[in-house]
Trainee: 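Quick one: structure below, then a few questions.
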Amino acid sequence: MNCRVVVEAAVPVYDVETPDEAVRIAISKTGELLNPDLNYVEINMGERSCPHCGEELEPAFIAADESLVALELEMTVFNVEREEHASRIARKEIGQRLENIPLTVLEVEVIEDEDDEGDETEADETGNDDIEVETETQSDRDEDDEVLPEFEDLIE
């Protein structure tokens, strides 16, 4: 199972005057911390709202030329057992690069694999696809067996 995980990060930014400037700096700072290891993580502005009245607020809170910016970091986690497993992996991967930045999982969405479903349907219809794959795999193993002894002879 593959999942898309959205994690909220509270990124501190210093020496800023406007919320737009704070957001731009926070996105840049986060991108530098994540790249090149996690260049597949999408960085977006977070959405904040007043807990009492529900009014939309800026993603950046500024006080004394310092800001705390809400960002949403989105990544896809592959081959997980459960949604909880996907959220733990995403928090760990992102959290290792963003030290001292609090993270909260906002959303975990299961992604349906269209390619896998199509392959299964084709194999069921013909019935011979599985046999051909096994034969190809076996021939690949035979070639690998021939290469390995020569390599070991070279080492000795």
Trainee: If I take atom CD from residue Glu56 and atom CZ from residue Arg48, how far apart are they, to the nearest 0.5 angstrom?
Mentor: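 Spacing of CD (Glu56) from CZ (Arg48) equals 10.5 Å.
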
Trainee: Determine yes or no for a side-chain-to-main-chain donor-acceptor pair under 3.5 angstrom, with Ser28 supplying the side chain and Arg24 the backbone.
Mentor: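 Checked: no pair found.
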
Trainee: Answer yes or no: is there a side-chain heavy-atom contact under 4.5 Å between Lys92 and Arg88?
Mentor: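 Heavy-atom side-chain distance check fails, nothing below 4.5 Å.
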
Trainee: For Ile89, does its backbone N or O pair with a side-chain atom of Glu93 as donor and acceptor, under 3.5 Å?
Mentor: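 Here the side-chain-to-backbone pair does not exist.
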
Trainee: Any idea which heavy atoms bring Ser49 and Leu57 closest together, and the distance?
Mentor: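 For Ser49 and Leu57, the tightest heavy-atom pair comes out as C-CD1, 3.9 Å.
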
Trainee: Taking Lys29 for its side chain and Val11 for its backbone only, find out whether a donor-acceptor pair lies under 3.5 Å.
Mentor: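 Flag not set: sc Lys29 to bb Val11 has no pair under 3.5 Å.
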
Trainee: Applying a strict under-4.5 Å side-chain criterion to I, L, V, M, F, W and Y, I'd like to know whether Leu68 and Leu106 cluster together.
Mentor: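 No; Leu106 is not reachable from Leu68 via cluster members.
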
Trainee: Flag the pair His85 / Glu83 as yes when at least one side-chain heavy-atom distance between them is below 4.5 Å, and no otherwise.
Mentor: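 The answer is no; the side chains never approach within 4.5 Å.
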
Trainee: Check the hydrophobic clustering (I, L, V, M, F, W, Y; side-chain heavy atoms under 4.5 Å; chains of links allowed) and say if Ile25 and Val23 are grouped together.
Mentor: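 Linked within one cluster.
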
Trainee: Minimum heavy-atom separation for Leu103 to Arg91, with atom names?
Mentor: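 So the minimum-distance heavy-atom pair works out to O-NH2, 3.6 Å.
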
Trainee: Under the criterion side chain to side chain contact (heavy atoms under 4.5 Å, CB included), I'd like the reasoning laid out for Met75 against Val77: C-alpha separation, chi angles, the key distance, then a yes or no.
Mentor: CA-CA 7 Å; Met75 71 180 285; Val77 182; 4.2 Å; yes

Trainee: How many angstroms lie between CG in Leu34 and CD in Glu42, if you round to the nearest 0.5 Å?
Mentor: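 One gets 12.0 Å once the value is rounded to the nearest 0.5 Å.
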
Trainee: One pair to check against side chain to side chain contact (heavy atoms under 4.5 Å, CB included): Val105 and Val6. What are the steps and the verdict?
Mentor: CA-CA 6 Å; Val105 176; Val6 179; over 6 Å; no

Trainee: Are Glu112 and Val110 close enough, and set up right, to give a side chain to side chain contact (heavy atoms under 4.5 Å, CB included), and what steps lead you there?
Mentor: CA-CA 6 Å; Glu112 297 296 327; Val110 176; 4.1 Å; yes

Trainee: Is there a path of hydrophobic side-chain contacts, each under 4.5 Å between heavy atoms of I/L/V/M/F/W/Y residues, joining Phe78 to Tyr40?
Mentor: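 No, no single cluster joins them.
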
Trainee: Treating Asn39 as the side-chain partner and Asn35 as the backbone partner, does any N or O pair qualify as donor plus acceptor under 3.5 Å?
Mentor: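 Answer holds: no.
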
Trainee: Hey, does the side chain of Asn2 reach the backbone of Asn79 with a donor-acceptor pair shorter than 3.5 angstrom?
Mentor: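 Indeed, once roles are kept as given, a pair shorter than 3.5 Å links the two residues.
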
Trainee: How far apart are the closest heavy atoms of Ala86 and Val108, and which atoms are they?
Mentor: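 Looks like CB-CG1, 4.5 Å.
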
Trainee: Atom CD in Glu58, atom CG in Asp20: separation rounded to 0.5 Å?
Mentor: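 If we round to the nearest 0.5 Å, Glu58:CD and Asp20:CG are 6.5 Å apart.
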
Trainee: Nearest heavy-atom pair of Val69 and Ala60: which atoms, and what distance?
Mentor: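 Heavy-atom minimum between the residues: CG2-CB, 3.8 Å.
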
Trainee: Counting only heavy atoms not in Glu81 (residues, nucleotides, ligands), do more than 12 fall under 6.0 Å from its CD?
Mentor: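 12 or below, so no.
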
Trainee: If you measure from CG on Leu98 to CG on Leu38, what distance do you get to the nearest 0.5 Å?
Mentor: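 Those atoms lie 8.5 Å apart.
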
Trainee: Under 4.5 Å between side-chain heavy atoms, hopping through other hydrophobics if needed: is there a path connecting Ile43 to Val7?
Mentor: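 Yes, same cluster.
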
Trainee: Flag the pair Pro19 / Ile62 as yes when at least one side-chain heavy-atom distance between them is below 4.5 Å, and no otherwise.
Mentor: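 Heavy-atom side-chain distance check passes, below 4.5 Å.
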
Trainee: Quick check for you: to the nearest 0.5 Å, what is the distance between Glu107 atom CD and Ser87 atom OG?
Mentor: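 Glu107 CD to Ser87 OG: 12.0 Å, rounded to 0.5 Å.
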
Trainee: Do Leu71 and Ile27 have side chains that get closer than 4.5 Å, going by heavy atoms?
Mentor: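 Touching, per the 4.5 Å side-chain cut-off.
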
Trainee: Identify the two heavy atoms, one from Ile101 and one from Ala10, that lie closest to each other, and give their separation to 0.1 Å.
Mentor: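 For Ile101 versus Ala10, the nearest heavy atoms are CG2-O, 3.3 Å.
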
Trainee: Is Glu74 salt-bridged to Arg4, cutoff N-O under 4.0 Å?
Mentor: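 Result for this pair is yes, salt bridge flagged.
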
Trainee: First locate atom CD of Glu72, then atom CD of Glu47, and finally report the distance between them rounded to the nearest 0.5 Å.
Mentor: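 One gets 5.5 Å once the value is rounded to the nearest 0.5 Å.
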
Trainee: Closest approach of Ser67 and Ala22, non-hydrogen atoms and distance?
Mentor: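 Looking at all heavy atoms of both residues, the shortest contact is OG-CB, 3.4 Å.
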
